[in-house]
Amino acid sequence: NKGRVSDETREIVMRTAKEMGYRPNAVAQSLKRRCTNTIGFYFAHQKGRILDFRNEFIGEVLYGAQQACAEHEKHLLLHGSYGSSDMRQIADEITNGRIDGVLVFAPANDPVVQHIAQQKFPAVAVADPVRSLPSVTIDEQEAARLVVEHLKSKGHQKVFYFYNWPAHEHSAVTRRKNAFIAQAQKVGIEIEEICHRSEESPWRPEQLIDTIRECRGRFTAGLGWADATAELLWGACDLLGVRVPQDLAIVGFDGCYGKRQPRYDLTTIRAGWDHVANCATQMLIKQIEGEEVPGETVLSVELLQGQST
């Protein structure tokens with residue numbers, strides 16, 4: 001530092017450090033300034049499974065988070081829970097000063113999330129809201145209204161809402177399902193929920209043939225809890241010769257296509273998960289800087305009309 005050593009001594013030290021290939025210790029520097037410029041992202045849905053970056057929802061969420069990090073010159077560090085992972089160890093690693101704050105996509109009862117909330121560590125939940133943390137999610141009620149009004153305009157009176165296990169561990173599944181049921185009842189549409197239980201991953205249309213056989217004739221439209229689910233329903237219809245939308249209309253949810261040309265032209269809800277993650281990251285950065293942030297931020301969605309209805 002200037003004033004504490006002579007210019008000659010400083011020059012000798014700097015030259016020697018360069019010759020020896022010395023690099024400043026990033027951890028020590030971060031401890032000194034109490035800032036690592038690193039944000040964590042904790043994923044904990046479907047424990048024991050490796051985070052699948054081929055999943056379009058995951059890809060869109062990470063893209064939005066990275067956009068915000070790049071804007072603020074922050075690093076993004078991923079955390080996960082795999083099989084026999086020690087939850088307490090994961091929680092300690094997140095809150096021990098290696099990162100400044102964390103984005104969370106996990107059930108509210110996840111022990112790591114509970115530890116983060118108890119420690120008052122800067123954190124924001126993404127997509128799946130957590131009561132004990134600030135959260136950024138989408139307007140499930142608006143989504144349900146848009147879809148139900150669209151189906152009503154097409155003359156549909158009996159529909160089913162289809163979701164898979166273990167997707168039900170997402171609180172968003174329950175919120176979305178309840179929103180669709182409530183909106184359908186408002187306009188006089190009969191709606192029935194159907195849950196398919198399977199440990200097998202990835203799913204294949206063949207697994208849903210029995211579901212389509214059961215629904216054919218009973219319902220005129222089916223709502224998939226996500227686009228991937230709706231595409232599988234359409235695939236099963238193709239295998240059985242059930243015409244979409246003439247025999248059965250199908251609606252998805254997410255609109256996560258990115259640069260991919262979707263196999264099926266679905267009517268779906270464009271949730272904008274990249275925007276959700278971007279907003280959550282911006283909020284987390286404000287929280288890290290000591291600003292107050294709202295408890296829950298709900299973002300609008302839009303209906304994309306395809307050939308499936």
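Since the structure is predicted, the reported quantities are computational estimates derived from the model, not experimental observations. Just so you know, residue 1 is the first one in the sequence shown, and it goes up from there.
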Minimum heavy-atom separation for [X] to [Y], with atom names?
X      : Y      : value
Ile285 : Ala68  : CD1-O, 4.4 Å
Val126 : Ala280 : CG2-CB, 3.6 Å
Pro134 : Pro294 : CB-O, 3.6 Å
Val113 : Ala108 : CG1-O, 4.4 Å
Thr137 : Pro129 : OG1-CD, 4.2 Å
Ala221 : Leu248 : N-CD1, 3.6 Å

Atom pair [atom1] ([X]) and [atom2] ([Y]), whose distance is rounded to the nearest 0.5 Å:
X      : Y      : atom1 : atom2 : result
Gln183 : Ile189 : CD    : CD1   : 10.0 Å
Tyr63  : Glu56  : OH    : CD    : 15.0 Å
Ile99  : Thr38  : CD1   : OG1   : 8.0 Å
Gln141 : Leu146 : CD    : CG    : 11.5 Å
Tyr42  : Leu78  : OH    : CG    : 13.0 Å
Ile212 : Leu233 : CD1   : CG    : 5.0 Å

Open item on the list: Do Val130 and Val298 land in one hydrophobic cluster if side-chain heavy atoms of ILVMFWY residues count as linked below 4.5 Å?
Closed with: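 No, separate clusters.
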
Only counting residues at least two apart or in another chain, list the ones meeting side-chain hydrogen bond (donor to acceptor under 3.5 Å, both in side chains) with [X].
X      : answer
Gln157 : none
Thr220 : His156
His72  : Gln282

Is any side-chain heavy atom of [Y] closer than 4.5 Å to one of [X]?
X      : Y      : answer
Pro107 : Asp128 : no
His115 : Val112 : no
Val276 : Val61  : no
Phe180 : Val159 : no
Asp247 : Cys237 : no
Leu151 : Val251 : yes
Ile191 : Leu223 : yes

Open item on the list: Here's a test for you: under side chain to side chain contact (heavy atoms under 4.5 Å, CB included), which of Val124, Leu77, Leu284 qualifies with Ile39?
Closed with: Leu284

Open item on the list: Show me the pairs that pass side-chain hydrogen bond (donor to acceptor under 3.5 Å, both in side chains) and involve residues 286-301, at least two apart or across chains.
Closed with: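 Pairs touching residues 286-301 that pass the test: none.
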
TODO: Could you check Lys177, Arg145, Arg176 and say which one makes a side-chain hydrogen bond (donor to acceptor under 3.5 Å, both in side chains) with Glu140?
DONE: Arg176

- [ ] Could you give me the CA-CA distance, side-chain angles and deciding distance for Phe105 and Phe57, then say whether ring pair (Phe, Tyr, Trp, His ring centres under 6.0 Å) is met?
- [x] CA-CA 12 Å; Phe105 180 61; Phe57 166 79; 5.3 Å; yes

Pair up each side-chain donor or acceptor in residues 268-275 with any protein partner under 3.5 Å, not counting sequence neighbours, and list the distances.
| from | atom 1 | to | atom 2 | distance (Å) |
| --- | --- | --- | --- | --- |
| Thr268 | OG1 | Asp227 | OD1 | 2.6 |
| Thr268 | OG1 | Gly252 | O | 3.4 |
| Thr268 | OG1 | Phe253 | N | 3.0 |
| Arg270 | NH1 | Glu60 | OE1 | 3.2 |
| Arg270 | NH1 | Glu60 | OE2 | 2.8 |
| Arg270 | NH1 | Gly255 | O | 3.2 |
| Arg270 | NH2 | Asp274 | OD1 | 3.4 |
| Trp273 | NE1 | Asp254 | OD1 | 2.8 |

TODO: Please work out which of the three classes, parallel, tilted or perpendicular, describes the rings of Phe162 and Phe160, given edges at 30° and 60°.
DONE: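 Taking Phe162 first and then Phe160, their aromatic rings stand perpendicular (interplane angle over 60°).
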
Listed pairs under 3.5 Å, donor-acceptor, residues 301-309 side chains, sequence neighbours left out:
| from | atom 1 | to | atom 2 | distance (Å) |
| --- | --- | --- | --- | --- |
| Ser308 | OG | Ile250 | O | 2.5 |
| Ser308 | OG | Thr267 | N | 2.8 |
| Thr309 | OG1 | His150 | NE2 | 2.8 |
| Thr309 | OG1 | Thr267 | OG1 | 2.7 |

